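The structure presented is a predicted model; accordingly, all values stated were derived computationally and were not measured. All heavy atoms count here, side chains included; hydrogens, waters and symmetry mates do not.
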Amino acid sequence: MIADSDAAVVLLGAVLYLCGALASLRMAVSLLGPDRAVVRPRLASALAGNARDLVAGLRHLAAPERREAAWALAGMALMRFCYGALLVMVLMLCRYALTSDTDEGLALLGLALGFSGAGFFAAAVITPWAAGRLGPGRWMAVCAASAAVLEPALGLPFATVPMLAAAFLLGLTTQGSKIATDTIVQSSVEDSYRGRIFSVYDVLFNAAFVGAAGVAALMLPPDGRSAPLVATVAAVYLAVAVVMARFARQ
């Protein structure tokens, strides 16, 4: 039964990849570049050019009038770090603390990810309204403050139902903050720097997630129950909330 399910997942993934490939055939060959006039054929030159572009993006963010965008990016990276660390903790809890075997653990992990995905969807629905009323910076502060309060309340019992509720909440607050950050960056940076700023954004976003996995691996016990990790994450959320609330007032 499990083998049949695995085969169905692999087959579905292959079909989706095939659909993507077929859709790409409708695109013009030159639509996505590269621009032959600015192509740098050597790897060293390309890497140096990318580094210069990233540095230029960071300098653009350092201007006083774009300080909110810089702090929003930093805050989003920290919230991504928190989400990644808690995701690793949930994985350990599902496998070793809340279930008795691997199959049950994988099923519970899938359910937790489903609740988190529902939170992502809820954020896409709620954030335009909330950010419109509060402003994106203040909405990001609300998301971080909510996570700072509810994450330890739901996480410290290390029980299934509170964990699922926390997964939904963290999906909502993480995605809500990301949408708010996108809005702040889009409205704050100049058009000619936007691509470079979002490249910096991607680096921070992914580095925070990978770093979170490393930190969680060092802090988590074998069964995944770690009150210090929960408290650390709550403190990070609180710091983001305070900083973003400060800039929202300004």
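- Residues passing the ring pair (Phe, Tyr, Trp, His ring centres under 6.0 Å) test with Phe168: none are found, sequence neighbours excluded.
- Taken together through direct or relayed side-chain contacts under 4.5 Å among Ile, Leu, Val, Met, Phe, Trp and Tyr, Leu156 and Val236 form part of one hydrophobic cluster.
- Using modelled atom types, one side-chain atom of Arg194 and one backbone atom of Val189 make a donor-acceptor pair closer than 3.5 Å.
- Applying the salt bridge (charged side-chain N to carboxylate O under 4.0 Å, His left out) definition to pairs two or more places apart or across chains, those involving residues 159-180 are Lys178-Asp182.
- When the side chain to side chain contact (heavy atoms under 4.5 Å, CB included) test is applied to Arg225, the partners found at least two apart in sequence or on another chain are Leu93, Ala97, Phe158, Asp223.
- Using a 4.5 Å cut-off on side-chain heavy atoms (C-beta onward), Met89 and Met163 make no contact.
- Contacts of Ser226 classified as side chain to side chain contact (heavy atoms under 4.5 Å, CB included), with partners at least two apart in sequence or in another chain: Leu220, Pro221, Pro228, Leu229.
- Pairs of residues two or more places apart, or lying in two chains, never qualify as salt bridge (charged side-chain N to carboxylate O under 4.0 Å, His left out) while including a residue from residues 142-153.
- Going from atom CD of Gln186 over to atom CD1 of Ile197 covers 11.0 Å, rounded to the nearest 0.5 Å.
- Screening residues 54-64 for salt bridge (charged side-chain N to carboxylate O under 4.0 Å, His left out) gives no qualifying pairs among residues at least two apart or on separate chains.
- Connectivity analysis of hydrophobic side chains (ILVMFWY, heavy atoms under 4.5 Å, direct or indirect) links Val125 to Phe121.
- Looking at heavy atoms from C-beta onward, Cys19 lies in side-chain contact with Val15 at the 4.5 angstrom threshold.
- Of all the heavy atoms in Pro157 and Pro152, the pair that sits closest is CD-O, 4.2 Å.
- Hydrophobic cluster of Leu18: the remaining members, joined at side-chain heavy-atom separations below 4.5 Å, are Leu22, Leu25, listed by chain and number.
- Among all heavy-atom pairs drawn from Ala147 and Thr173, the shortest one is CB-OG1, 4.1 Å.
- Minimum interatomic distance between Pro136 and Ala180 (heavy atoms only, all atoms of both residues): O-CB, 3.4 Å.
- Scanning all heavy atoms of the two residues, the minimum distance from Ala144 to Val240 falls at CB-CG1, 3.9 Å.
- With a 4.5 Å cut-off between side-chain heavy atoms of Ile, Leu, Val, Met, Phe, Trp and Tyr, the cluster of Leu106 takes in none.
- The hydrophobic clustering, which links ILVMFWY residues whose side-chain heavy atoms are closer than 4.5 Å, places Val142 and Leu169 apart.
- With Val200 as reference, Leu204 is the one residue of Val203, Leu204, Asp202 to meet the side-chain contact (heavy atoms from CB on, under 4.5 Å) rule.
- Ala74 pairs by the side chain to side chain contact (heavy atoms under 4.5 Å, CB included) definition with nothing, not counting sequence neighbours.
- In terms of hydrophobic clustering, with Ile, Leu, Val, Met, Phe, Trp and Tyr side chains grouped at heavy-atom distances under 4.5 Å, Met79 and Leu154 are assigned to different clusters.
- Checked against side chain to side chain contact (heavy atoms under 4.5 Å, CB included), Thr181 has the following partners two or more places apart in sequence or in another chain: Ala72, Leu73, Met76, Met140, Val185, Tyr201.
- Note on residues 113-138: pairs passing side chain to side chain donor-acceptor pair (under 3.5 Å), not counting sequence neighbours, are Tyr83-Ser116, Thr127-Trp139.
- Expressed to the nearest 0.5 Å, how far CZ of Phe81 lies from CG of Leu86 amounts to 9.5 Å.
- Taking CD of Glu104 as the start and SG of Cys94 as the end, the distance is 11.5 Å to the nearest 0.5 Å.
- Smallest separation of non-hydrogen atoms from Ala212 and Ala85: CB-N, 3.4 Å.
- Rounded to the nearest 0.5 angstrom, Thr174 OG1 and Ile179 CD1 are separated by 11.0 Å.
- Tracing side-chain contacts under 4.5 Å through hydrophobic residues (I, L, V, M, F, W, Y), one never reaches Leu150 starting from Phe120; they form parts of separate clusters.
- When side chains are defined from C-beta on, Phe209 counts as touching Leu87, because their heavy atoms get closer than 4.5 Å.
- Met244 approaches Gly137 most closely through the heavy-atom pair CB-O, 3.9 Å.
- Transitive grouping of hydrophobic side chains (ILVMFWY, heavy atoms separated by less than 4.5 Å) brings Phe205 and Leu170 into a common cluster.
- Taking CG of Leu111 as the start and CG of Leu113 as the end, the distance is 9.0 Å to the nearest 0.5 Å.
- Rounding to the nearest 0.5 Å gives a distance of 6.0 Å between CG of Leu98 and CG of Leu108.
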